[in-house]
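First the structure, then my questions, so here it is.
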Amino acid sequence: MSLSAVQICNRALDILGADPILSLADNTEAGRLCNRNYAAVRDAVLRAYPWNAAMRRAALPALAEPPAWGAAFAYELPADCLRLWRVENEGHVDWRVEGRRVVTDLGPPLKVLYLARLDDTSLFDPLMGEAIAGRLAADLAYRLTGSTALGNHAWSMYQAKLAEARRVDAQEGTPDRLVARDWLDARR
């Protein structure tokens with residue numbers, strides 16, 4: 001069962017011992033704070049961890065205008081991209097994110113794996129919803145309760161959900177292949 005944005009916000013408010021809201025448009029302090037902070041917290045949590053549910057693949061066309069210097073090609077990131085995770089790169093060619101573009105010497109199409117913004121909560125992993133609630137509670141704690149201790153407790157809950165997600169996600173596919181060259185390059 002997936003959680004709605006309001007249910008995730010109410011989970012955060014439960015952690016804080018605050019009254020629940022009926023919608024993000026509630027004209028209460030909790031409602032206004034949830035409405036103002038939910039999307040930013042959701043995106044921060046999605047960006048903070050490579051959630052399997054948020055992974056997307058794309059083959060990007062090169063932009064007509066190459067970078068001014070240092071790379072042969074520039075590519076526009078997908079509109080829903082929160083974080084570029086990997087570039088398909090057989091030859092170990094460097095790439096870099098600059099603003100909303102990727103610059104590299106890799107020719108088109110540029111195959112990328114990225115973390116996407118998920119507005120549809122039905123796509124959320126249950127641990128993702130819990131992590132968002134914990135992070136939201138941590139962010140709202142002092143404003144709603146005046147307690148930094150409660151904020152620290154909520155932050156710990158958020159960190160625990162991220163650790164749990166790492167364990168669960170690690171079981172949903174084969175691990176990334178570590179090539180000897182990658183290991184040697186990491187030692188430099």
Open item on the list: For a 4.5 angstrom cut-off between non-hydrogen side-chain atoms, does I8 reach C34?
Closed with: no
TODO: To the nearest 0.5 Å, tell me how far Q159 CD sits from R135 CZ.
DONE: 9.0 Å
TODO: Might you point out which heavy atoms bring A5 and T121 nearest each other, and give the distance in Å?
DONE: N-CG2, 3.8 Å
Task: Minimal non-hydrogen separation, P67 against V103, with atom names - done: CG-CG1, 3.7 Å
TODO: Take atom CZ of R57 as the centre, draw a 6.0 Å sphere, and report whether it contains more than 12 heavy atoms from other residues, nucleotides or ligands.
DONE: no
Task: Pairwise distance CH2(W155) to OG1(T148) - rounded to 0.5 angstrom - done: 15.0 Å
Open item on the list: side chain to side chain contact (heavy atoms under 4.5 Å, CB included), that's the test. Do R32 and N27 meet it? Break it down for me.
Closed with: CA-CA 6 Å; R32 288 187 299 273; N27 192 22; 2.8 Å; yes
Task: Cluster overlap L136 with L144, hydrophobic side-chain contacts below 4.5 Å - done: yes
- [ ] Find out whether L63 and R101 are in side-chain contact, i.e. whether some heavy atom of one side chain is under 4.5 Å from a heavy atom of the other.
- [x] yes
Task: pair L13-D19: side-chain heavy atoms closer than 4.5 Å - done: no
Open item on the list: Can you confirm whether more than 12 heavy atoms, excluding those of R100, are under 6.0 Å from its CZ atom?
Closed with: yes
Open item on the list: Is there a side-chain contact between C81 and V112 in this structure, where contact means two heavy atoms from C-beta onward sitting under 4.5 Å apart?
Closed with: no
Open item on the list: Let me check something: do V45 and M157 share a hydrophobic cluster, defined by ILVMFWY side-chain heavy atoms less than 4.5 Å apart, either directly or through other members?
Closed with: no
Task: CZ/R36: more than 12 non-hydrogen atoms of other groups inside 6.0 Å - done: yes
Open item on the list: Could you measure the distance from the CG atom of L60 to the CG atom of L77? Nearest 0.5 Å is fine.
Closed with: 7.0 Å
Task: Evaluation steps, side chain to side chain contact (heavy atoms under 4.5 Å, CB included), between T104 and V87 - done: CA-CA 10 Å; T104 182; V87 171; 6.0 Å; no
Task: Within-4.5 Å side-chain heavy-atom neighbours: M128 and Y49 - done: no
Task: Gap between atom CG of L127 and atom CZ of R167 - 0.5 Å precision - done: 9.0 Å
Open item on the list: Distance check, rounded to the nearest 0.5 Å: L3 atom CG versus R11 atom CZ?
Closed with: 9.5 Å
- [ ] Report the distance from atom CD1 of I21 to atom CD of E29, rounding to the nearest 0.5 Å.
- [x] 12.5 Å
- [ ] Could you tell me whether the side chain of L106 reaches within less than 4.5 Å of the side chain of N89, counting heavy atoms only?
- [x] yes
- [ ] Of all the heavy-atom pairs spanning Y114 and A58, show the shortest one and how long it is.
- [x] CE2-CB, 4.0 Å
Open item on the list: Is the shortest side-chain heavy-atom distance between D119 and R42 below 4.5 Å?
Closed with: yes
- [ ] Find out whether P108 and Y75 are in side-chain contact, i.e. whether some heavy atom of one side chain is under 4.5 Å from a heavy atom of the other.
- [x] yes
Task: Residue pair D105, V93: steps toward the side chain to side chain contact (heavy atoms under 4.5 Å, CB included) verdict - done: CA-CA 7 Å; D105 287 331; V93 178; 3.9 Å; yes
Task: W51 and its side chain to side chain contact (heavy atoms under 4.5 Å, CB included) partner, picked from L123, L118, L162 - done: L162
TODO: Answer yes or no: does atom CZ of R83 have more than 12 heavy-atom neighbours from other residues, nucleotides or ligands under 6.0 Å?
DONE: yes
